[in-house]
Amino acid sequence: MILAIDTSLGSAVAVVDLDGVTRGEASSPNALGHAEIIGTLIEGALAEASVTPRDITHVAAGMGPGPFTGLRIGIAAARTFALARAVPVIAVASHDAAALAEFEADASGPIAIVTDARRREFAYTVYAGLAEGLPVRTTEPALAPRDDLDARLLSLGLLANPVQRVDVTSISAGALGRLAGRMLAAGIAADRHAGDDSSAEPLYLRSPDVTLGHAPKRVGV
Amino acid sequence: MTATNREPLVLGIETSCDETGIGIVRGRTLLSNTIASSMDEHARFGGVVPEVAARAHLEALGPAIQAAVAEAGIRLDDLDAVAVTSGPGLAGALMVGVGAAKALAIALDKPLYAVNHLVGHIAADLLDPDAPPLEYPTVALLVSGGHTSLLLVRDLTSEVELLGETIDDAAGEAFDKVARLLGLPYPGGPEIDRAAASGDPRAIAFPRGLSRASDREKHRYDFSFSGLKTAVARWTEQREAAGEEVPIADVAASFREAVIDVLVTKALDACAQYGVPRLLLGGGVIANRRLREVALARGEQAGVAVRIPPLSLCTDNGAMIAALAAELIASGRTPSTLEFGADSTLPVTQIQVAAGEALPEAVSEEEVRA
Ligand SMILES: [Zn+2]
């Protein structure tokens, strides 16, 4: 049984069995307040699935991209939950989960998952489609100025087969957990025997915001 | 089961600034105090960068919890409760600890206590095995890079009053800024100390902030260090403008003396005013030897017993957070509910955050430990 947690946009938690069936799900669209709500959502998803923490065999962590402060809360929760239960963490790119959900719905052909990255930028990842149930990336997650994104996507597609832009405002933790299960089955995610992925870096895509130290201002004599 | 075994086994998580602290206590017995610091990563910026600190917390938390558990010789499932700093501190840094603590408590099915960082600094004193029990009331002076607060503690778990705090820079920040002014590296405290060793603390009469008679009414127990920093800048600029060499040792010693004088004078004034012959020191700046010397000497003159916890418990750490939660449990407090967040300006009067409804007497002991 996989506990999936994503706080890259809103906050979402799901309990998904290894066959990909979502057993319990709880989420909030609020782009703030992740720290306040994360515990309630984990409890809610477990309760809806009628499972206890001891039934969880893997924890899937949505690694972003997304606004850093919120993103970290879900990853911190995923890692400590896994540590407490001595189970592996499966690091999943949040855009991959969104792409899986799109292809499972009605998307076909190349799509770009696009999320707000604040500061007048979008985060985007381009996918060709599914292969053996897993989304196939044709670009890695990256940032683009809001006004440049469409031109960039145009350049990434073929005239006959353009990249379809999909703006996403929430990530399904159910899709995240389902994807983690498929990654496990395909042997491309860590499993209990192979160690875990708890040290994977979040997809920040930006260096920390710092103003480099400059010489002290003169106060005037 | 012996009395000792009945004391709650608590793991505390502290991420309010640049130290990822995981502590484990059994009641008032310290079992582990694991600290991962991101200080080196901030050095080139001359101060703590919140985003750098928050990223470092996320990476350090898991390994720190594992190290603490190993050192304490326990299993996570043995814990009676999890504790976490809810505030005050850097919001983004606090949130990493809050998210982690909630998931840990749920995964282990243990109660969670969200507590106040400043009150945690006072609780650190309880973990000193060589010290006699803390007596109430006591005045507490907490000095670090993030805070400068003077508190009146009537009871650690129920009654802590803020007498005063800095209205601009924290004392530790003032050390960092003046060190930079003098061309010394970060963190400034130890550097100023080193430079001051050969200096004359009476060489330059730097101002004592908020210490005039006219400040007594509104700011008797408040601190201000930004004027002092400006005075140091002005003094050195004047020397440079006159083509004279800046006597770094004298400037450092005189600056340090001004900071310490204000801290100790105001703390002892509070002791006198409230008739409290006890002063507890806490916070990272207590590592400053000169501050400890002056506080002990002037405390003795004033008939005030000065307590200083071990320095490893004065800097930010998770053990003090666990210790405070253990006291709350011992006094019958119910756990925090799950809805709390990080509160960067949490007032010191709020010792525990999101405390649940009080349980009926008869079941409270069991419920809290369930
Ligand atoms: Zn502190």
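The chains referred to below are lettered A, B, ... by the order of the sequence lines, with proteins before strands, and numbering in each begins at 1. Scope of the values below: all heavy atoms of this structure, side chains included, with no hydrogens, waters or symmetry mates.
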Heavy-atom pairs under 4.5 Å with chain A, option from [options] with the top count:
| options | value |
| --- | --- |
| B:Gly341, B:Gly62, B:Ala100 | B:Ala100 |
| B:His57, B:Arg75, B:Glu339 | B:Glu339 |
| B:Leu112, B:Val69, B:Thr236, B:Asp77 | B:Asp77 |
| B:Leu338, B:Leu58, B:Leu76 | B:Leu58 |

B:Glu245, CD atom: more than 12 neighbouring heavy atoms under 6.0 Å:
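Not buried by this count: 12 neighbours or fewer within 6.0 Å.
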With a 4.5 angstrom heavy-atom cut-off, could you sort out which part of A:Leu3 is near chain B: side chain, backbone, both or neither?
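For A:Leu3, no heavy atom lies under 4.5 Å from chain B.
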A:Ser207 versus chain B, heavy atoms under 4.5 Å apart: side chain, backbone, both or neither?
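For A:Ser207, backbone heavy atoms alone lie under 4.5 Å from chain B.
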Which pairs, with at least one residue in residues 87-104 of chain A and sequence neighbours excluded, count as a salt bridge (charged side-chain N to carboxylate O under 4.0 Å, His left out)?
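Qualifying pairs, neighbours excluded: A:Asp96-A:Arg137, A:Glu104-A:Arg178, A:Glu104-A:Arg182.
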Whether A:Ser94 side chain and A:Gly64 backbone form a donor-acceptor pair below 3.5 Å:
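Yes: the side chain of A:Ser94 pairs with the backbone of A:Gly64.
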Residues in side chain to side chain donor-acceptor pair (under 3.5 Å) with A:Thr138, at least two apart?
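Expected list: none.
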Using a 6.0 Å distance limit plus a 45 degree cone around the ring axis, check whether A:Arg152 lies over the aromatic ring of A:Phe122.
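Cation-pi check for A:Arg152 and A:Phe122: fails.
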Which atoms of B:Val98 come close to chain A, meaning under 4.5 Å heavy atom to heavy atom: side chain ones, backbone ones, both, or neither?
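The answer is the side chain of B:Val98.
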Salt-bridge criterion met for A:Asp116 and A:Arg118 (N-O under 4.0 Å)
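No, no charged N to carboxylate O under 4.0 Å.
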